[in-house]
Amino acid sequence: MPRHEFRPGRAVAGLVMLALAAGYAWDAAGFWDAPPQFFIGLFTGGLWTALLVTWIGYRIRRRRAARKASREKDAAPPSSSGSHAMR
């Protein structure tokens, strides 16, 4: 059993930050003359991609949890209306 669940959005954000760090390091070392627009585009595009991956992962985890709860006979299925009224 894993210690924690996998968060793909955080992995994408980490990879984007590593790519930014590598780009800045190559630019500072003089191996590459990168335009500033490259770093701005990589940063914003990478964070939007991480946001999208996080949202998709959240929806998948939520759907799996709802399916698991509905298969179990002990607990009532989650309400889609948000009402906490007693029966």
Practice item. Verify side-chain contact (heavy atoms from CB on, under 4.5 Å) between Leu47 and Met17, making sure each step is shown before the conclusion. Key: CA-CA 9 Å; Leu47 289 184; Met17 294 305 145; 3.9 Å; yes

Point to revise | From CZ (Phe6) to CZ (Arg61), nearest 0.5 Å | key: 10.0 Å

Check your understanding: Going hydrophobic residue to hydrophobic residue with side-chain gaps under 4.5 angstrom, can you get from Leu42 over to Tyr24?
Key -> yes

Check your understanding: Mind checking who shares a hydrophobic cluster with Ile60, ILVMFWY linked at side-chain heavy-atom distances under 4.5 Å?
Key -> Leu52, Trp55, Ile56

Check your understanding: What's the shortest heavy-atom distance between Gly9 and Thr54, and which atoms?
Key -> CA-OG1, 3.2 Å

Review point. With hydrophobic residues grouped by side-chain heavy-atom distances under 4.5 Å, do Leu18 and Ile40 end up in a single group?
Key: no

**Study point:** ILVMFWY cluster, Trp26 and Leu20 together (side-chain gap under 4.5 Å)
**Key:** yes

Practice item. Please check if atom CZ in Arg10 has more than 12 non-hydrogen atoms from other residues, nucleotides or ligands closer than 6.0 Å. Key: no

Exercise for review: Would you check, one step at a time, whether the test ring pair (Phe, Tyr, Trp, His ring centres under 6.0 Å) holds for Phe38 with Trp32?
Suggested key: CA-CA 12 Å; Phe38 171 77; Trp32 182 36; 5.0 Å; yes

**Study point:** Student check: side-chain heavy atoms of Val16 and Thr49 closer than 4.5 Å
**Key:** no

